[in-house]
Amino acid sequence: MRTLIIEPLTKEAFAPFGDVIETDGSDHFMINNGSTMRFHRLAEVQTATPEDKAIINIFRADALEMPLTIRMLERHPLGSQAFIPLLGNPFLVVVAPLGDAPEPELTRAFITNGRQGVNYHRGVWHHPVLTIEKRDDFLVVDRSGTGNNCDEHFFEEHQLMMLNPHL
């Protein structure tokens, strides 16, 4: 079984999968008579049709037991999905490139610094939210509309991967 190497999350490394939502290294301009820095357009909400709507949610996630066997990934073909940590805790991200099915050999793992969010582009394979803390809260921006917007892929036994943040 392949053990995923957990990489620090950077804009460059994550670019094939979506956007890193962070202020560090991001352009900004001043608003509100100079009292507020606006970090503009850090990510775009992607939707498939004009009738779709961007919605804002809060997900309260419980930690999964680690090390974790990665048995499945999901994707959202009709819209992007962004996760922004609300409590400042690092979290794990497991992703695979666009395709009919995720390829285990191209699957990557990242860890955020607790001040970064991610925006998975439409159709990017990813594991459901992976908090490191016992319980954590995330602001989630995604798509609402008609049609199935969640495909799940379960790996065959020989394709399973291990995620171990304690290595």
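Quick caveat, the model's predicted, so the values are computed rather than measured.
Here I31 contributes atom CD1 and R38 contributes atom CZ; the two are 5.5 Å apart, rounded to the nearest 0.5 Å. Distance SG/C150 to CZ/R75: 10.0 Å, rounded to 0.5 Å. Here CG of L163 is found 6.0 Å from CG of L68. Values are rounded to the nearest 0.5 Å. Considering CD of E105 and CD of Q159, their distance stands at 8.0 Å, rounded to 0.5 Å. Note that CG of D24 and NZ of K11 are 8.0 Å apart. Values are rounded to the nearest 0.5 Å. Between atom CG of residue D137 and atom CG of residue L87 there is a gap of 5.0 Å, rounded to the nearest 0.5 Å.
Closest of all the heavy-atom pairs between H127 and Y120 is O-OH, 4.4 Å. Residues A13 and R108 approach most closely at O-NH1, 3.5 Å, considering heavy atoms. E12 and P16 make their closest contact through O-CD, 4.1 Å (heavy atoms, listed as atom of the first residue, atom of the second, distance). Minimum heavy-atom separation, A82 to N119: CB-OD1, 3.4 Å. Of all heavy-atom pairs spanning T131 and A61, the tightest one is CG2-O, 3.7 Å.
Side-chain contact between H126 and P102: absent, with no pair of heavy atoms (C-beta onward) separated by less than 4.5 Å. Residues R2 and M162 form no side-chain contact, since every pair of their non-hydrogen atoms from C-beta on lies 4.5 Å or further apart. At least one side-chain heavy atom of N149 sits under 4.5 Å from a side-chain heavy atom of P77. Considering only heavy atoms from C-beta on, T107 comes within 4.5 Å of L4 through its side chain. With a 4.5 Å cut-off on side-chain heavy atoms, I132 and I111 count as touching. Using a 4.5 Å heavy-atom cutoff, the side chains of I58 and V140 are not in contact. A 4.5 Å side-chain heavy-atom check between P97 and V124 finds every atom pair outside the cut-off. The shortest side-chain heavy-atom distance between H166 and M66 falls under the 4.5 Å cut-off.
Under the 3.5 Å distance criterion, the side-chain polar atoms of N32 are left unmatched by any main-chain donor or acceptor of G34. A donor-acceptor contact shorter than 3.5 Å is absent between the side chain of T69 and the backbone of R71. At distances below 3.5 Å, at least one donor-acceptor pair connects side-chain atoms of S80 with backbone N or O atoms of Q46. A donor-acceptor pair is defined here as one N or O able to donate and one able to accept, closer than 3.5 Å; no such pair exists between the side chain of N148 and the backbone of D151.
A side-chain donor-acceptor contact under 3.5 Å links T49 and D52. Defined by atom type and a distance below 3.5 Å, a donor-acceptor pair is missing between the side-chain atoms of K53 and T47. For the 3.5 Å distance criterion, the side chains of D19 and H121 qualify, holding a donor opposite an acceptor.
Neither L42 nor I55 shares a network with the other; the hydrophobic side chains, linked directly or stepwise wherever heavy atoms of I, L, V, M, F, W or Y lie under 4.5 Å apart, form separate groups for each. The hydrophobic clustering, which links ILVMFWY residues whose side-chain heavy atoms are closer than 4.5 Å, places F83 and L9 together. Residue M161 is grouped with residue L64 when hydrophobic side chains (ILVMFWY) are merged at heavy-atom distances under 4.5 angstrom, including chains of intermediate members. When the side chains of ILVMFWY residues are joined at heavy-atom separations under 4.5 Å, either directly or via intervening members, I6 and L130 end up in a single hydrophobic cluster. Clustering ILVMFWY residues whenever any of their side-chain heavy atoms sit less than 4.5 angstrom apart, transitively, puts L98 in the very cluster that holds F110.
Counting heavy atoms of neighbouring residues, nucleotides and ligands inside a 6.0 Å radius, atom CG of D27 does not exceed 12 of them.
Ring planes of W125 and H153: perpendicular class, angle over 60° (limits at 30 and 60°).
In this structure H40 satisfies the ring-ring contact (aromatic ring centres under 6.0 Å, His included) test together with F29, sequence neighbours excluded. Taking the ring-ring contact (aromatic ring centres under 6.0 Å, His included) definition, one finds that F154 meets it with nothing, sequence neighbours left out. Every residue meeting the ring-ring contact (aromatic ring centres under 6.0 Å, His included) condition with F17, not counting sequence neighbours, appears here in chain and number order: F14.
When the options I56, L139, T112 are evaluated for a side-chain contact (heavy atoms from CB on, under 4.5 Å) with I84, the one that passes is L139.
F138 and F91 have their aromatic ring centers within a separation under 6.0 angstrom.
The existence of a salt bridge linking R115 and E22 is excluded, since no basic side-chain nitrogen approaches an acidic carboxylate oxygen closer than 4.0 Å.
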